[in-house]
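The structure appears right after this line, and notes come after that.
Computation of the quantities below employed the complete heavy-atom set of this structure, encompassing side-chain atoms and omitting hydrogens, waters and symmetry-equivalent molecules. In what follows, every chain begins at residue 1, and chains take the letters A, B, ... in the order their sequences are listed. Not measured: the values here are computed from a predicted model.
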2 protein chains.
Amino acid sequence: MTQIDLSPKTCANCPIRPRAICSRCTADELLELDKIKYYKTYPAGASVVLMGDPMTFVASVVSGVATLSRSMIDGRMQMVGLLLPSDFIGRPGRDKASYDVTAVSELTLCHFHKKPFEKVTHATPHVQERLVEIALDELDAAREWMLLLGRKTAREKIASFLLICARRLGRKEGESLHLELPLTRDAMSDYLGLTIETVSRQMAALKRDGVLLLEGTRKVTIPDFSRLLDEAGDDSDGATLS
Amino acid sequence: MTQIDLSPKTCANCPIRPRAICSRCTADELLELDKIKYYKTYPAGASVVLMGDPMTFVASVVSGVATLSRSMIDGRMQMVGLLLPSDFIGRPGRDKASYDVTAVSELTLCHFHKKPFEKVTHATPHVQERLVEIALDELDAAREWMLLLGRKTAREKIASFLLICARRLGRKEGESLHLELPLTRDAMSDYLGLTIETVSRQMAALKRDGVLLLEGTRKVTIPDFSRLLDEAGDDSDGATLS
DNA sequence: TTGAGAACTTGATCAGGATCAAGGTTTGCT
DNA sequence: AGCAAACCTTGATCCTGATCAAGTTCTCAA
């Protein structure tokens, strides 16, 4: 019988997400999933799927960054989700993609063919439960984003974006916090419902006001996290760093 | 053994949504659900739950209209969901409300205590599957809304809102389509990320341009549905009326 | 029927962010 | 190293939708 690969890497690639589920999956289930998985790497800028495409797989992000977006006929577009390592891609029970999925940096995905994946997970309530949880997490993020898009000023939008990045990508170092932005200014504008010029100007303004330090264009240092929280205008109990 | 009430009303009140699921629920499951359900009516304007409140129930809308919203400390608020009859309220597996839920008109809900509800549904994959589906539907709606909030003009926002209402509440009558708006101008502005004045002006403009007819302030007639589709700037294959 | 409050409309002015335009930096390829 | 392309910044101007300010029309209860 084949040895099941339970190294951290494999575990992180379980499309039902890291630890939480793996700890509840039986060896048989893991073996089944192992048989149907395959890795694929996309260059920066590549399209993973287009809206309306048949979705024949689910996947999880191993490394790199991807975005979900919707666009209008005239070219206006809005990013509706940001996918970082360990995030899940796919719509159990749905046949067609509802958004464009694009690799923003070089992107490696761990794919699972959808049919066999669904067969494995279909009758296992703990996996279904995890899928509900994933969907609700995404829903919360989307609704948080609706507040941002509908009601926040440009400056607050930028601060909120930095906050999200800081929570997921930041590493603390004494009082201050370092992170590398996963998106270009252009992609940020798509995410925030702004133009690239406004993003650039507001970044400059936050720097001028000492909310952040910039090294080059992507490396950000936040000297005072609570200051950033204020700027984001956030209601949520986000005083803690995850 | 008590007679299980399978009248349309009860079926429509199954929080896992009407027919689709009930047809797959066993008699025992339905009986269990029946035991733990209770109805409650809220006057217009009443708060059903506030963000952060412990959620001790799930429910479905029997009649009336409710809204989900998030607000900022300074009072700015954004509606993040609209609940019409047959819609589901609740977050399986979550303890606290993530949004405010407010009755917009007189609202009747069919409640289920959460603990026993989860006990009934916990080990039944077909219910879990349905819950995934519900969550994904809401996610699609939220992301569609993100495009609206981030990229559409005021006029397009109004048209899109009318479109949504038309799809769910409209009744056809020859070429044209009648509907009664479920929200006040004020609530519309909260939904669309606009001010009440802008909503009023754009409604007037659409009327002036013959996209809609108004009888009083809530009764709308759409003489040409495809015209409305154009105005909404929608990409989706919405040529059909559900 | 009348009156009070809520809901809605309309107008004038203002401002935040978009648009247009030009120049500067970084990155990666040969 | 040198060049082109992509990426980013900054400035000037414009325009959509916000804000401020009256009015008008509904709704409903006494």
In terms of the nearest nucleotide of DNA chain D, which residue is placed more toward the 5' end: A:Arg185 or A:Arg151?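 Counting from the 5' end, the first nearest nucleotide belongs to A:Arg185.
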
Mark yes or no for a side-chain to base donor-acceptor pair under 3.5 Å between A:Glu197 and C:dC20, with no hydrogen or angle criteria applied.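 Counting by modelled atom types and ignoring angles, a donor-acceptor contact under 3.5 Å is found here.
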
Starting from [atom2] on [N], measure out to [atom1] on [X] and report it in whole angstrom.
X	N	atom1	atom2	answer
A:Leu192	C:dG17	CG	C1'	13 Å
B:Ile196	C:dT10	CD1	P	13 Å
A:Met188	D:dA6	CE	P	21 Å
A:Arg76	C:dT19	CZ	C1'	14 Å
A:Arg201	D:dG11	CZ	P	9 Å
B:Gln202	C:dG11	CD	P	14 Å
B:Ile158	D:dG17	CD1	P	10 Å
B:Gln78	D:dA18	CD	C1'	15 Å

Is the distance from OP1 or OP2 of C:dG17 to the nearest side-chain N or O of A:Thr198 less than 4.0 Å?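 Looking at the OP1 and OP2 atoms of C:dG17, neither is under 4.0 Å from any side-chain N or O of A:Thr198.
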
Base, sugar-phosphate alone, or nothing: which one does [X] contact when heavy atoms must sit under 4.0 Å apart?
X	answer
B:Thr184	sugar-phosphate
A:Gly193	sugar-phosphate
A:Thr217	sugar-phosphate
B:Arg155	nothing

Can you tell me if [X] and [Y] form a side-chain donor-acceptor pair at under 3.5 Å?
X	Y	answer
A:Arg218	A:Thr184	no
A:Lys40	A:Thr108	no
A:Ser98	A:Arg70	no

Check for me whether the distance between the ring centres of A:Phe161 and A:Tyr191 falls short of 6.0 Å. yes

I want to verify a distance call: between D:dC8, D:dT19, C:dG17, whose nearest atom is closest to the A:Leu194 side chain? C:dG17

With heavy-atom distances below 4.5 Å as the criterion, would you say the side chains of A:Ser60 and A:Lys37 are in contact? no

